[in-house]
Amino acid sequence: MPELAEVEFYRKQWDLGLQQVLVGLELHEKRRVFRKCDLQILRDLSGKTFQRSRALGKKLEFAFSGDLFLGIHLGMSGGLRSEPPQFSSESHDHLVLRFSKCTLVYRDPRMFGLVICQKGRESGDWFSNSGPEILSDAFTLPLFHQYVKRKADWGVKKFLLDQAFFPGVGNWMADEILWQCGLNPAIKTGVLSEGEVSNLRCKTRVICRTALRRIGEKYDDVPKGWLFHERWSGKGICPIHSIPLEKTVVGGRTSAWCPKCQPFRTGPGMAVKKAV
DNA sequence: ACCCCTGTTCGGCG
DNA sequence: CCGCCGAACAGGGG
């Protein structure tokens, strides 16, 4: 489930443990999510203070005293939550952090997620990204044009899913952006008009900002009128045209799109505006 | 029962 | 050697 805003929501679930000392740690070390984790460093977290956390795209980083960092990627089905001190872990709770006032739990049934541990002043190479965050000042229009130029022969859906360019954007966000831009997911980025490129960047930022504000605060608070609500309901209907959505595999992922809002084409087009 | 999946990596193939 | 694509990972939900 977790994309940009859901990741932020889950990050906050662990805020209850901030500035507290980790008094106990339970883990199922054989599980797949620890496949890249240094278990020695992970166990060293015991007795340390949970100082701060941050998110970058779909990655989460939790900083502890002693220059220790815990990194988590939630994969397809991961989630974080806080429980009372006396909580007993359940079958998919792979990592359980005990504090005096709360218990922080990492759960992931499908185990596509990842736990990383590092020691050092810097949080290390895992928690970093080649490009700027979508909502940062560095995510400029000229930079966006460079991206488009570099991937001119990519379908725009595949383009949006590239984490190096769009950290945090996942399948549903990409579909939301394309629908609100009136762009078919299979259109090559090189074919977009100047206005469409500019609109694509703008809508991407607005949707990220709105999603962070709403979903980041309350998991299921998805803005009314968004394609999201129709995406996987048995018969998805375009909120604008009330006609069935198409479901096709584009860029390796199932995509939902409206044939009226998002007609396919192979040549230059005009910028499309839509108010949602 | 069967088919689907909001992510990422890897190996085969052209 | 490179890029694209499907498979694989593993379990839950419709």
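Note: hydrogens, waters and symmetry copies are ignored here, and every other heavy atom, side chains too, is used. Numbered from 1 within each chain, the chains take letters A, B, ... in sequence-line order.
Met173(A) places its CE atom 15 Å from the C1' atom of dG7(B), with the value rounded to the nearest Å. dG12(C) atom C1' lies 9 Å from atom CZ of Arg107(A), rounded to whole Å. When rounded to the nearest whole Å, the span between CG of Asp162(A) and P of dT8(B) equals 10 Å. The distance from atom CE of Met111(A) to atom P of dT8(B) is 18 Å, rounded to the nearest whole Å. Atom NZ in Lys157(A) sits about 16 Å away from atom C1' in dC5(C), given to the nearest Å. When rounded to the nearest whole Å, the span between CG of Leu74(A) and P of dG11(C) equals 18 Å. Straight-line distance from the CZ atom of Phe159(A) to the P atom of dG3(C): 16 Å, rounded to whole Å. Whole-Å rounding puts the Phe166(A) CZ to dG7(B) P distance at 15 Å.
Taking the six-membered ring for Trp, Phe165(A) and Phe159(A) have ring centres closer than 6.0 Å.
Of the candidate nucleotides dC4(C), dC5(B), dG12(C), dC5(B) has the atom nearest to the side chain of Met76(A).
Atom CD1 of Ile134(A) sits about 6.5 Å away from atom CZ of Phe166(A), to the nearest 0.5 Å.
Both thresholds, 5.5 Å between centres and 30° between ring planes, are met by Phe112(A) relative to the base of dC9(C), so the two rings are stacked.
Inspection of the Lys157(A) and Ser255(A) side chains reveals an N or O donor paired with an N or O acceptor under 3.5 Å.
Listed pair Thr254(A) / dC5(B) meets the phosphate criterion, a side-chain N or O lying under 4.0 Å from OP1 or OP2. Contact between the side-chain N/O atoms of Lys247(A) and the OP1/OP2 oxygens of dC4(B) is not found at any separation under 4.0 Å. Contact between the side-chain N/O atoms of His73(A) and the OP1/OP2 oxygens of dG7(B) is not found at any separation under 4.0 Å. A close approach under 4.0 Å does occur between a side-chain nitrogen or oxygen of Trp154(A) and OP1 or OP2 of dC4(C).
Annotation: cation-pi pair Lys188(A)/Trp154(A) absent, no NZ/CZ under 6.0 Å from the ring centroid and within 45° of its normal.
Checking side-chain atoms of Asn184(A) against main-chain N and O of Gln262(A) turns up a donor-acceptor pair under 3.5 Å.
Within a 6.0 Å sphere centred on NZ of Lys149(A), other residues, nucleotides and ligands contribute 12 heavy atoms or fewer.
Using a 4.0 Å heavy-atom distance criterion, Gly252(A) is classed as making no nucleic acid contact. Residue Glu6(A) is classed as a base contact, given a heavy-atom separation below 4.0 Å to a base.
Across residues 25-33 of chain A, not one residue has a non-hydrogen atom less than 4.0 Å from an atom of DNA chain B.
Nucleotides dC9(C) and dA1(B), compared at atom C1', are 22 Å apart to the nearest Å.
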Listed pairs under 3.5 Å, donor-acceptor, residues 136-143 of chain A side chains, sequence neighbours left out:
from, atom 1, to, atom 2, distance (Å)
Ser136(A), OG, Glu133(A), O, 2.8
Ser136(A), OG, Ala138(A), N, 3.4
Thr140(A), OG1, Leu143(A), N, 3.2

